[in-house]
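Below you'll find the structure, written out as structure tokens, and then a few comments.
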Amino acid sequence: MTMSHSWTYTTWPDPDSAEAAAKRLIEEKLCACANVFRGMISVYRWQGEVETAQEAVMVLKTRTDLAPALCARITELHPYDEPCVLSLPVDKAGSAAGFLDWIDRETRPSS
């Protein structure tokens, strides 16, 4: 069976909360890997005001069939009212086959 894969982008208020969530998501096998990037500056409109905040970016690697469950779990774990969670498709032709196979092995079995 050929799996498709997704890259999930999310932002967090700080690296510690992102790392704690990443560990839970990996333990729950919703993703194979998470990268946390410290020190991002976000500028956005929230409730009619332009805001600026320091945040951490988290990128997660998963299978496309797990992306909805991953999004739901991130939303449960996240402290924001409206967390940024975006799932982007991975181009299999431009990706390392061994890495994609590893994602398959490290995530939940297909249902």
Side-chain angles (χ1 to χ4, degrees):
M1 175 192 310
T2 302
M3 302 276 183
S4 61
H5 300 85
S6 295
W7 189 78
T8 299
Y9 170 91
T10 181
T11 58
W12 291 77
D14 57 78
D16 292 339
S17 62
E19 186 177 340
K23 287 178 181 177
R24 298 271 306 265
L25 297 165
I26 290 168
E27 287 168 358
E28 295 172 12
K29 294 188 161 276
L30 288 169
C31 61
C33 176
N35 304 115
V36 176
F37 300 87
R38 300 171 177 268
M40 179 187 71
I41 303 294
S42 292
V43 180
Y44 55 94
R45 184 177 307 279
W46 180 248
Q47 298 179 343
E49 300 292 324
V50 175
E51 304 281 341
T52 302
Q54 287 206 4
E55 293 184 300
V57 171
M58 184 163 50
V59 176
L60 305 109
K61 290 85 163 192
T62 193
R63 296 191 330 263
T64 302
D65 65 311
L66 291 175
L70 178 61
C71 177
R73 188 68 172 122
I74 290 169
T75 302
E76 289 172 4
L77 295 171
H78 211 289
Y80 290 168
D81 292 337
E82 291 293 337
C84 168
V85 184
L86 300 171
S87 179
L88 305 164
V90 169
D91 176 18
K92 185 175 182 172
S95 301
F99 188 79
L100 297 179
D101 290 343
W102 174 78
I103 292 171
D104 296 343
R105 291 190 307 273
E106 295 301 319
T107 53
R108 292 180 179 175
S110 296
S111 41

Checking salt bridge (charged side-chain N to carboxylate O under 4.0 Å, His left out) for the pair E27/R24: CA distance, chi angles, key distance, verdict? CA-CA 5 Å; E27 287 168 358; R24 298 271 306 265; 5.2 Å; no
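Using a 4.5 Å cut-off on side-chain heavy atoms (C-beta onward), Y9 and V57 make contact. Residues S87 and C71 fail the side-chain proximity criterion, which asks for heavy atoms closer than 4.5 Å. Between D104 and H5, the closest side-chain pair of non-hydrogen atoms falls below 4.5 Å. Put simply, the side chain of E55 reaches to within 4.5 Å of the side chain of Y80, judged on heavy atoms. Residues K92 and L100 form a side-chain contact, since some pair of their non-hydrogen atoms from C-beta on lies under 4.5 Å apart. Two residues are said to be in side-chain contact when any heavy atoms from C-beta on lie closer than 4.5 Å; L60 and L25 meet this criterion. Residues E19 and W12 have side chains not in contact (no heavy-atom distance under 4.5 Å, counting atoms from C-beta outward).
Other residues, nucleotides and ligands contribute over 12 non-hydrogen atoms within 6.0 Å of the CD atom of E76.
Exactly one residue among K29, K61, R63 makes a side chain to side chain donor-acceptor pair (under 3.5 Å) with T107. That residue is R63. When the options L30, L66, V85 are evaluated for a side-chain contact (heavy atoms from CB on, under 4.5 Å) with R73, the one that passes is L30.
The CD1 atom of I74 sits 5.5 Å away from the OG1 atom of T8 when rounded to the nearest 0.5 Å. For the atom pair CD (Q54) and OG1 (T11), the distance works out to 13.0 Å, reported to the nearest 0.5 Å. Remark: H78 NE2 to C84 SG distance equals 8.0 Å, nearest 0.5 Å. Rounding to the nearest 0.5 Å places OG of S4 at 7.0 Å from CG of D65. To the nearest 0.5 Å, the span separating CD1 on I26 from SG on C33 amounts to 6.0 Å. Note: E51 CD to S42 OG = 11.5 Å, rounded to the nearest 0.5 Å.
Nearest approach of R108 to E28, heavy atoms of both residues: NE-O, 2.9 Å. Between Y44 and A53, the shortest heavy-atom contact is OH-CB, 3.9 Å. A32 and I103 get closest at one heavy-atom pair: CB-CA, 3.8 Å.
Side-chain contact annotation: S6 with T62, donor-acceptor N/O pair under 3.5 Å absent.
With hydrophobic clusters built from ILVMFWY side chains whose heavy atoms lie under 4.5 angstrom apart, L88 shares a cluster with F37. L70 and W7 end up in different hydrophobic clusters when Ile, Leu, Val, Met, Phe, Trp and Tyr side chains are linked at under 4.5 Å.
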